[in-house]
Amino acid sequence: MKQPEERRLALVVSDTARSMEAAAGFAEQAAWHPIEDADLAIVLGGDGFMLQTLHAMLDAGRVLPAYGVNLGTVGFLMNRFR
């Protein structure tokens with residue numbers, strides 16, 4: 001297993017204004033990779049976007065660990081953001 005500093009991270013962002021604004025802050029925090037090349041996904045959005053992202057991974061036949069950051073309204077699947 002790769003060490004955390006060797007992991008390739010993907011930033012997956014929903015198209016909401018709040019998510020896009022948060023993504024601007026995340027953009028400078030790491031060297032982001034396309035999800036096809038990543039080892040781990042950081043998902044910014046709501047529960048529906050997390051489910052959409054996970055289903056897309058299943059459809060592609062490659063499921064990555066995904067850390068969800070809640071920027072939606074419900075957030076029962078996602079972690080709190082501020």
Side-chain angles (χ1 to χ4, degrees):
M1 184 188 232
K2 293 182 179 185
Q3 297 300 317
E5 62 272 8
E6 296 177 28
R7 289 200 175 147
R8 294 170 302 202
L9 305 174
L11 185 62
V12 185
V13 184
S14 75
D15 61 1
T16 65
R18 187 170 179 208
S19 296
M20 296 288 202
E21 183 180 321
F26 276 81
E28 299 174 0
Q29 302 301 316
W32 301 103
H33 297 270
I35 196 161
E36 298 82 16
D37 300 330
D39 301 312
L40 182 121
I42 307 297
V43 182
L44 304 182
D47 291 339
F49 186 69
M50 172 62 100
L51 291 172
Q52 179 183 352
T53 301
L54 294 172
H55 279 279
M57 287 186 212
L58 283 170
D59 291 345
R62 185 166 182 264
V63 179
L64 305 175
Y67 181 85
V69 179
N70 182 30
L71 296 166
T73 55
V74 179
F76 67 91
L77 294 175
M78 309 286 270
N79 298 288
R80 276 182 62 176
F81 182 67
R82 295 181 214 194

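All values below come from the heavy atoms of this structure, side chains included, with hydrogens, waters and symmetry mates left out. Computed from a predicted model, the values in this text were never measured in an experiment.
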For this session: Could you tell me the separation between the CE atom of Met57 and the CG atom of Asp59, rounded to the nearest 0.5 Å?
Result: 11.5 Å
Exercise. How would you list, by chain and number, every residue that makes a side chain to side chain contact (heavy atoms under 4.5 Å, CB included) with Pro34, sequence neighbours excluded?
Worked result: Glu36, Asp37
Problem set entry | Shortest non-hydrogen separation from Arg7 to Asp39 and the atoms involved | CA-OD2, 3.6 Å
Seminar exercise, completed: Between Leu9 and Ala30, the two heavy atoms sitting closest are CD1-CB, 4.1 Å
For this session: Write down the atom of Leu64, the atom of Ala38, and the distance for their closest heavy-atom approach.
Result: CD2-O, 3.4 Å
For this session: Could I get the full list of side chain to side chain donor-acceptor pair (under 3.5 Å) partners for Ser14, not counting sequence neighbours?
Result: Thr16, Ser19
Exercise. To the nearest 0.5 Å, what is the distance between OG1 (Thr53) and CG (Leu58)?
Worked result: 11.0 Å
Show every donor-acceptor pair shorter than 3.5 Å between a side-chain atom in residues 20-28 and any protein atom, with sequence neighbours excluded, or say none if there are none.
none

Problem set entry | Over all atoms of both residues, closest heavy-atom pair of Phe49 and Val43 | CD2-CG1, 3.6 Å
For this session: Return the minimal non-hydrogen interatomic distance between Arg18 and Gly72, and the atom names on each side.
Result: NH1-O, 3.8 Å
Problem set entry | From Leu44 atom CG to Met50 atom CE, the distance as rounded to the nearest 0.5 Å | 9.5 Å
